[in-house]
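Reviewing the structure listed below.
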Amino acid sequence: MRPFVIFNPGAGSVSDREKIVSQLKRLKPIALKMTRRSGDAERWARAALRTKCDCVVAAGGDGTLNGVVNGIAGSGRRIRIGIVPLGTGNDFARTLGLPFGIEENIDILRARQERQIDLVRVKGKRARYFVNVSAGGFSGMVDAKITAKIKRTWGPLAYLRGAATALPELHAYKARILLDDAEEISAQLYNIVIANGRFVAGGLPIAPDADPSDGLLDIVLIPKLGAAEMALLAAEITLGKHLSGNATIFRRAKKVELHARPGMRFNVDGELVGNAPAVFQIIPQGLSFIANK
């Protein structure tokens, strides 16, 4: 394997940069590049495509991985993606069942076991790709509140800190959702989740049965509820039990078209990217990942 390693030294769990660089060099990379500002992971992934590497390793959090995915997606080159999870949440790594130890993940990368993963394209004012989760509404408001400083200070609790700050601004959206150009749902919603992976916010099982290789998106809609119902639903989401009751609307589809008033901010893999209207489309087995057996 000749990997091109992209390392985010500012990722949430990084405390000893030099030690991690030394560990990553065990992979004998064709190049090891560090990110320093937003967009660097995507730029380095595009640069990797111009080399003879056969794998791009995202050593960082979900944002770093999303940058790598967007640098590779649509290139036409079939290249594997590996993960060394170093972030605050590491949510897609959880879906793949990866450990959080650096040495264990390096061993997995060296073993070169592949898994085909679905890719999701979202088109609004611009097009982006993702592999984990996009969420709009209240989640978009929360992500707007989470600064890099909050991530560093609060670590895995950063989402809760952001949610507490955004809670006074909670309001419903008049949403219209079209699934596979067939079923239409109109409702007053607090939150819309389009999931390929299972987890958000550092291990919250928002789509507990999602399979990133089944060619389908898991759609979780949270309608406008009273305070007591919202509190109960929050507890159920924490346990991954929220899809079995009547407090949420759950569907699966290959394509989702979203319209909302007022304009709904949404994120992609934890990074705030745009506003509705937007169209989400699954690309079955669009990427190849190196994953645990």
Side-chain angles (χ1 to χ4, degrees), residues 38-39 41-42 62-63 65-74 91-92 95 117-146 159 162 166 169-201 204 206-207 210 212 214-224 248-284 286-287:
S38 177
E42 185 173 342
D62 290 307
L65 175 59
N66 183 257
V68 169
V69 165
N70 278 275
I72 292 173
D91 287 309
F92 194 65
T95 293
I117 296 295
D118 299 333
L119 177 65
V120 189
R121 181 179 63 239
V122 52
K123 294 183 69 175
K125 290 185 177 179
R126 61 187 180 122
R128 293 289 291 176
Y129 295 89
F130 67 93
V131 291
N132 193 42
V133 172
S134 178
F138 184 63
S139 293
M141 294 166 60
V142 171
D143 281 303
K145 303 292 185 183
I146 301 176
Y159 188 86
E169 302 173 32
L170 176 66
H171 63 270
Y173 297 81
K174 185 177 181 180
R176 182 171 63 86
I177 299 154
L178 184 62
L179 305 176
D180 289 336
D181 296 319
E183 180 186 3
E184 183 173 313
I185 299 172
S186 295
Q188 294 279 338
L189 302 175
Y190 279 145
N191 220 33
I192 295 175
V193 177
I194 313 292
N196 189 44
R198 295 181 177 181
F199 302 99
V200 295
L204 201 66
I206 193 64
D214 66 357
L216 294 169
L217 296 166
D218 282 33
I219 301 106
V220 182
L221 310 179
I222 299 177
K224 185 178 180 179
T248 60
I249 301 168
F250 176 70
R251 296 288 191 276
R252 285 195 171 104
K254 298 177 181 178
K255 180 183 177 183
V256 181
E257 185 175 335
L258 166 63
H259 299 265
R261 289 190 299 170
M264 178 182 286
R265 306 180 79 178
F266 61 88
N267 66 62
V268 167
D269 289 348
E271 305 293 322
L272 203 62
V273 298
N275 298 292
V279 177
F280 300 80
Q281 179 76 53
I282 198 84
I283 303 172
L287 292 173

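Worth saying up front: this structure is predicted, and the values here are computed from it rather than measured.
- Put simply, the side chain of S186 never gets that close to the backbone of R176: no donor and acceptor are under 3.5 Å apart.
- The shortest side-chain heavy-atom distance between F92 and I117 falls under the 4.5 Å cut-off.
- Considering only residues two or more places apart in sequence or on other chains, P277 meets the side-chain contact (heavy atoms from CB on, under 4.5 Å) condition with H259.
- In this structure a side-chain-to-backbone donor-acceptor pair under 3.5 Å is present from T95 to R198.
- Rounded to the nearest 0.5 Å, atoms CZ (F199) and CG (L204) are 9.5 Å apart.
- Listed by chain and number, the residues in a salt bridge (Lys or Arg N to Asp or Glu O under 4.0 Å) with K255 are D181 (sequence neighbours excluded).
- Contact of the L217 side chain with the K254 side chain is not registered, since no non-hydrogen atoms from C-beta on lie closer than 4.5 Å.
- Remark: side-chain polar atoms of D180 are not paired, donor with acceptor, to backbone N or O of A182 under 3.5 angstrom.
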Query - Working for side-chain contact (heavy atoms from CB on, under 4.5 Å), residues R128 and N70 - result: CA-CA 7 Å; R128 293 289 291 176; N70 278 275; 3.4 Å; yes
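- Residues forming a salt bridge (Lys or Arg N to Asp or Glu O under 4.0 Å) with E257 (at least two apart in sequence, or on another chain): none.
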Query raised in the report: Can you list the steps and then say if L258 with I192 is a side-chain contact (heavy atoms from CB on, under 4.5 Å)?
Result: CA-CA 9 Å; L258 166 63; I192 295 175; 3.2 Å; yes
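- Closest non-hydrogen pair, N191 versus G136, comes out as OD1-O, 2.7 Å.
- V256 has its side chain within reach of L179: a pair of non-hydrogen atoms, C-beta onward, lies under 4.5 Å apart.
- Scored by the side-chain hydrogen bond (donor to acceptor under 3.5 Å, both in side chains) test, D118 finds no partners at all (sequence neighbours excluded).
- Closest approach of Y190 to A172, counting heavy atoms only: CE2-N, 3.7 Å.
- Expressed to the nearest 0.5 Å, how far CD of E42 lies from CD1 of I72 amounts to 10.5 Å.
- With sequence neighbours excluded, the residues satisfying ring pair (Phe, Tyr, Trp, His ring centres under 6.0 Å) with F280 are F266.
- Between the side chains of N66 and D62, no donor N or O sits under 3.5 Å from an acceptor N or O.
- Residues passing the side-chain hydrogen bond (donor to acceptor under 3.5 Å, both in side chains) test with R251, sequence neighbours excluded: E183.
- Qualifying side-chain contact (heavy atoms from CB on, under 4.5 Å) partners for L119, counting only residues two or more places apart in sequence or in other chains: V69, A73, Y129, V131, I283, L287.
- Residues passing the side-chain hydrogen bond (donor to acceptor under 3.5 Å, both in side chains) test with E184: none are found, sequence neighbours excluded.
- Looking at heavy atoms from C-beta onward, V122 lies out of side-chain contact with V279 at the 4.5 angstrom threshold.
- For the side-chain contact (heavy atoms from CB on, under 4.5 Å) test, residues two or more places apart in sequence or in another chain that qualify with A195 are V133, V193, A207, D218.
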